[in-house]
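Shown next, in structure tokens, is the structure this report addresses.
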Number of protein chains: 2
Amino acid sequence: MVQRGSYAKGIAKREEILATALEVIAREGYRGASVKELSDAVGLSPAGVLHYFDSKDELFTEILRKRDDLDAETFHAESDTDLFQLFLQVIRHNAEVPGLVELYTRLNAEASSPGHPAHRFFAERRAYMHTLFSGIFEEGKRAGRYPESLDSYSLGIILTALADGLQTLWLQDPTIDMAAEIERLLTSLGIFSHERSTSA
Amino acid sequence: MVQRGSYAKGIAKREEILATALEVIAREGYRGASVKELSDAVGLSPAGVLHYFDSKDELFTEILRKRDDLDAETFHAESDTDLFQLFLQVIRHNAEVPGLVELYTRLNAEASSPGHPAHRFFAERRAYMHTLFSGIFEEGKRAGRYPESLDSYSLGIILTALADGLQTLWLQDPTIDMAAEIERLLTSLGIFSHERSTSA
DNA sequence: GTCTATACTCTGATAGAC
DNA sequence: GTCTATCAGAGTATAGAC
């Protein structure tokens with residue numbers, strides 16, 4: 001794989017592979033998705049697909065990256081958007097695409113080694129979520145809307161961990177309402193008032 | 001695999017396999033542990049080991065079950081033990097055995113299908129944790145020690161999900177202090193007072 | 001550069017000999 | 001109860017066609 005994606009056609013093909021793979025997993029579920037299955041869906045041989053990606057794990061990582069990009073377009077912040085509500089919207093949307101949730105959860109569990117293709121992705125995602133939550137929380141504290149009981153750093157870690165853990169639980173027991181649980185915790189912490197919170 | 005474990009020797013051998021496998025993963029880490037590697041450690045062929053277990057996933061599930069049994073022996077409740085503190089002790093102990101944490105986290109992510117050998121294990125574990133937390137919390141509420149702000153059902157789900165999610169995060173970033181984060185949340189919720197909480 | 005065909009390696013798993 | 005032999009399937013590396 002030399003000069004991957006240097007040509008217009010190559011770039012387009014790479015995007016097409018990602019879009020197709022994302023769509024297949026979102027529609028059909030994860031079910032041990034293999035390179036073979038995904039390459040069939042695009043009309044290429046497995047090696048043909050791996051011409052654009054270093055490995056299966058890198059392909060899967062890029063699928064998740066694309067998912068995040070699409071979500072960011074769909075759920076973008078307006079000037080008056082409550083960012084916690086936006087976060088809850090994404091969580092609610094997740095319940096519609098169990099295949100992607102499983103892909104995310106599995107890769108998350110496998111990416112602990114720094115050498116894993118998804119390690120950087122999850123590190124960046126963690127940093128982003130952390131900055132986001134800390135920012136919202138610090139601002140709310142300054143405005144006197146949020147309580148001083150919890151520091152922003154911990155809140156960032158806790159919400160990130162909770163979101164990940166709820167997805168693992170929900171995959172095993174879909175009766176769990178991920179967004180509602182997060183909402184209840186935020187309410188208990190005094191971050192949501194009952195008026196501002198809207199149930200799904 | 002007929003009549004697995006019906007004979008005394010068979011039962012002993014099965015236990016020996018589990019004990020050795022547990023010890024190897026605890027000491028060496030997970031590193032993509034294979035049946036081959038574990039069977040070598042016991043001095044058997046892969047097929048020899050799979051005589052005692054239906055599959056690799058069943059073997060791994062039983063390793064986790066044995067881990068829980070050993071933990072229950074080590075961290076057992078005395079009459080005056082704070083069960084939340086006991087929970088935190090187990091979490092702190094987890095940080096000493098990353099290999100087992102990774103085995104747990106990976107299997108947890110793979111066990112979503114009801115047909116998976118670990119599905120029942122995690123369902124039972126979830127139910128146990130849930131009953132435990134709800135019980136502690138209800139009791140504390142009745143005694144007036146805990147606030148009414150959060151219902152027991154949600155607290156059970158949230159703490160279980162948080163524990164799982166923190167392990168995933170910690171595997172990727174070991175600077176995270178899992179027990180301390182849970183402690184901070186419990187403190188913010190008014191469940192821990194500062195006097196009763198003891199930092200690790 | 002793009003892609004197929006082929007082959008290699010490693011896995012977990014199974015059948016049957018001992 | 002445990003082995004050897006074997007299998008099916010995975011991911012991946014290479015050679016070379018176009």
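Chain letters run A, B, ... following the sequence lines, proteins first, then strands; residues in each count from 1. Below, each value reflects all heavy atoms present in this structure, side chains not excepted, and no hydrogens, waters or symmetry copies.
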From [atom1] of [X] over to [atom2] of [N], roughly how many Å is that when rounded to an integer?
| X | N | atom1 | atom2 | answer |
| --- | --- | --- | --- | --- |
| B:Leu59 | C:dG12 | CG | C1' | 12 Å |
| A:Glu58 | D:dG11 | CD | C1' | 14 Å |
| B:Lys36 | D:dA5 | NZ | C1' | 15 Å |
| A:Lys56 | D:dA13 | NZ | P | 14 Å |
| A:Phe53 | D:dG11 | CZ | C1' | 16 Å |
| B:Leu50 | D:dC3 | CG | P | 11 Å |
| A:Arg14 | C:dG1 | CZ | P | 14 Å |
| A:Asp40 | D:dG9 | CG | P | 14 Å |

Review point. Does the side chain of A:Tyr52 get closer than 4.0 angstrom to OP1 or OP2 of C:dC3 through an N or O atom?
Key: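 So the side-chain polar atoms of A:Tyr52 do come within 4.0 Å of the phosphate oxygens OP1 or OP2 of C:dC3, strictly under.
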Check your understanding: Under 4.0 Å: is that the gap between some side-chain N or O of A:His51 and OP1 or OP2 of C:dC3?
Key ->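 For A:His51, the contact criterion (side-chain N or O under 4.0 Å from OP1 or OP2 of C:dC3) is not met.
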If you only use heavy atoms from C-beta on, which nucleotide in [options] is closest to the side chain of [X]?
| X | options | answer |
| --- | --- | --- |
| B:Ala47 | D:dT14, D:dC3, C:dC3 | D:dC3 |
| A:Ser34 | C:dT2, D:dG1, D:dG11 | D:dG11 |
| A:Ser45 | C:dT4, C:dC3, C:dT14 | C:dT4 |

Review point. Which one of A:Leu38, A:Val35, A:Asp40 satisfies the side chain to side chain contact (heavy atoms under 4.5 Å, CB included) criterion with A:Pro46?
Key: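 Single side chain to side chain contact (heavy atoms under 4.5 Å, CB included) partner of A:Pro46 among A:Leu38, A:Val35, A:Asp40: A:Val35.
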**Study point:** Cationic N near anionic O, under 4.0 Å, A:Glu16 to A:Lys13
**Key:**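 Salt bridge: yes.
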Check your understanding: Nearest heavy-atom pair of A:His116 and A:Glu110: which atoms, and what distance?
Key ->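 A:His116 and A:Glu110 have their closest heavy atoms at CD2-O, 3.2 Å.
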Exercise for review: Give the ring-plane orientation class for B:Phe84 versus B:Tyr146, where under 30° counts as parallel, over 60° as perpendicular and anything between as tilted.
Suggested key: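 Plane angle between 30° and 60°, so tilted.
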